[in-house]
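Convention: sequence-line order gives letters A, B, ...; per-chain numbering from 1. This one's a predicted model, so the numbers in the text were calculated from it and none came from an experiment.
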Amino acid sequence: MRAIVAKDLTVVRRSKAVMLPLVLVPLVMVLVLPVVASFAPRLAEVPGASDIAQMLDTMPEAMQAQLAPYTNEGRLVVFLLVYLFAPLYLIVPLMVASVIAADTFAGERERKTLEALLHTPTSDTELVVAKLASGFVPAVLVGWASFALYTLVANVAAWPVIGHVFFPTVMWWVLALVVGPGVAAIGLGATVIVSSRVSTFQEAYQVGGVVVLPIVLLVVGQAAGVVFLSTALVAAVGIVFWLLAAVLLVIGVRTLRRGELLARS
Amino acid sequence: MKDDVVVDARALTRRFGETVAVDALDLRVRRAEIVGMLGHNGAGKTTTVRLLNGVLAATGGSATVLGLDPWRDGVRLRRRTGVATETPAVDDRLTGREGLTFFARIYGVPEVGLARRVDEVLGIFDLVDAADERVGGYSRGMKQRLSLARTLVHGPELLFLDEPTAGLDPVAARALDDQVRTLRASGATVLLCTHNLVQAQALCDRVVVLERGRVVAEGTPAELARALAKGGHVVIDVEAGDSVDPITVLRRVPGLRSVEAHDAIAGDGARRLRMQADDRAAVATAVDALVRANVRVFAVEPEAPGLEDVYFALHERARSVVAPPTPPAAAGVES
Ligand SMILES: Nc1ncnc2c1ncn2[C@@H]1O[C@H](COP(=O)(O)OP(=O)(O)OP(=O)(O)O)[C@@H](O)[C@H]1O
Ligand SMILES: [Mg+2]
């Protein structure tokens with residue numbers, strides 16, 4: 001089983017189509033975004049930037065309270081780094097899990113190496129667990145590494161404005177430790193289901209991409225001041241995501257019985 | 001005695017919707033036997049292998065392979081079998097050595113000695129130099145050799161080879177034949193699906209011919225040839241003169257079904273022809289006709305009827321038997 005995971009990940013590592021998003025997306029999320037955000041107040045004179053400041057006034061009371069201790073500039077930075085980017089961070093584990101799963105499920109079928117694998121003495125369970133682990137473990141690890149890096153970059157970049165270590169908040173710990181892995185599991189489940197219906201890595205990857213939608217909704221909701229990502233809300237979202245993941249995985253794993261894989265032509 | 005039967009399929013059947021891929025197949029293979037499975041594209045060879053190795057469930061009948069039920073005891077069974085599939089086994093992004101090491105691990109080759117075993121099979125199939133290159137850069141034949149190497153890496157008791165010679169050069173094909181014989185000598189059993197009749201004839205103790213998922217003929221290559229091939233081929237070497245064309249002469253001989261130039265090159269100043277005669281008398285008449293036409297005959301040699309003759313004879317027969325009579329125009333129009 002470990003042999004399968006090791007092999008899958010070697011294969012994944014050698015594909016540009018897989019590695020490119022795997023490296024670029026986390027870098028943008030954890031480096032580019034926080035650095036740009038920290039410069040936002042200094043660009044406050046730029047037309048449009050003041051709109052963001054006004055937007056803050058429309059935010060829910062609870063968030064206003066959270067932001068109260070900071071200066072005007074600090075408020076903006078904290079809003080961006082802590083709240084607006086929180087759902088964006090979830091794209092990292094989601095994307096890693098989906099891309100790898102698209103390559104190890106649909107990709108393995110596309111490259112036709114699946115049949116030889118089925119003829120080996122691995123049990124159905126081992127095969128499924130190994131394949132899922134190949135996507136899940138890297139997604140969680142990359143997610144946590146990104147969280148660590150984001151923490152560092154956010155604190156350093158925001159230092160001139162805030163002047164003390166303000167990150168991570170409790171909400172972010174819940175986000176990274178509970179919600180992130182849940183989102184990875186959703187990406188995995190969705191991609192496994194999609195992979196059983198399409199024939200190429202590309203299709204699986206693209207169709208699997210629709211699972212970003214709930215995250216985009218969170219971002220928009222946050223920006224519009226409709227939702228406020230309190231710790232309690234994030235924890236609740238985490239539970240819902242894990243339930244959703246469980247449903248998707250159960251459906252997905254059903255498509256992975258040995259006899260059925262070859263019965264489809 | 002019972003132990004001696006490695007594959008025992010009884011009325012084994014697999015349907016895919018309307019298609020019956022394997023139709024009440026009866027097949028028994030004894031230990032250390034090399035059995036060839038011949039048949040056209042779509043005859044059901046690959047499906048049979050899948051059923052016998054427990055990666056596809058039968059929809060009817062039963063099978064016992066190495067004493068196990070392939071579907072229920074698949075994991076235990078597959079530890080002892082090896083399958084060279086038609087599809088590639090090793091991902092293009094791995095090197096040959098990585099691919100083999102992976103399969104050796106999954107098949108439970110002990111870690112101690114695993115690397116040595118991988119080197120050994122790489123050597124057998126002449127892949128040592130390319131071992132650390134990505135498989136994506138291999139030629140078709142090299143990929144095929146790699147696929148065979150990985151089928152043998154764990155020393156299976158029962159080997160399924162699904163069209164193993166596709167893309168192999170003669171040297172590699174010879175290496176494969178040698179390996180198969182070595183394996184048999186060590187007590188392993190081989191089921192060889194192939195379109196390569198020459199190989200089947202040279203290698204197999206017994207062949208079964210499938211047609212639409214059914215066994216239509218079974219026996220040693222020689223038995224089948226004797227029973228089914230009508231009229232043998234005769235190879236004839238004649239003087240390569242420019243005055244008379246021997247082929248034209250022979251075409252006029254009654255009782256000869258075909259005359260053609262032989263692919264092989266005859267000696268100096270000679271041409272080699274191949275003809276198919278209905279019987280011995282026709283051969284005599286043919287030689288006589290050549291002599292009368294002043295064509296000197298150097299050699300006349302009967303070719304033993306081969307599996308190829310059997311194959312085509314069977315195919316013709318199957319067509320005439322299976323093809324339904326054309327329905328009268330009025331019937332069945334409404335469907
Ligand atoms: N998964 C499947 N779904 C539907 N039909 C199938 C499936 N697998 C095989 N068949 C059908 O079953 C029949 C036998 O196919 P099979 O692959 O066993 O033939 P084969 O003898 O191996 O042919 P070839 O020489 O081309 O490899 C064919 O008609 C094929 O279309
Ligand atoms: Mg086949």
For residues 171-183 of chain A, run the donor-acceptor check on the side chains, cut-off 3.5 Å, and write out each pair with its distance to 0.1 Å, sequence neighbours left out.
| unit_1 | atom_1 | unit_2 | atom_2 | d |
| --- | --- | --- | --- | --- |
| A:Trp172 | NE1 | A:Val82 | O | 2.8 |

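Only the side chain of B:Arg14 comes within less than 4.5 Å of a heavy atom of chain A; its backbone N, CA, C and O stay farther away. Using a 4.5 Å cut-off between heavy atoms, A:Leu114 does not touch chain B at all.
Heavy-atom neighbours of B:Arg28 CZ from other residues, nucleotides or ligands within 6.0 Å: above the threshold of 12. Shown here is B:Arg214, whose CZ atom has no more than 12 heavy atoms of other residues, nucleotides or ligands within 6.0 Å.
Nearest heavy atom pair, residue A:His119 against residue B:Arg78, reads O-CD, 3.2 Å.
Listed in order of number, the residues of residues 80-97 of chain B that approach chain A to under 4.5 Å between heavy atoms are B:Val83, B:Thr85, B:Thr87, B:Pro88, B:Ala89, B:Val90, B:Asp91, B:Arg93, B:Leu94, B:Thr95. Identified by a heavy-atom distance below 4.5 Å to chain A, the contributing residues of residues 101-130 of chain B are B:Phe102, B:Phe103, B:Arg105, B:Ile106, B:Tyr107, in residue-number order. Taking 4.5 Å as the heavy-atom cut-off, the residues of residues 47-56 of chain B that approach chain A are B:Val49, B:Arg50, B:Asn53, B:Gly54, B:Val55, B:Leu56, ordered by number.
For the set A:Thr122, A:Thr113, A:Thr10, A:Leu118, the entry with the most heavy-atom pairs within less than 4.5 Å of chain B is A:Thr113.
In this structure, the side chains of A:Arg14 and B:Arg134 come closer than 4.5 Å at one or more pairs of heavy atoms.
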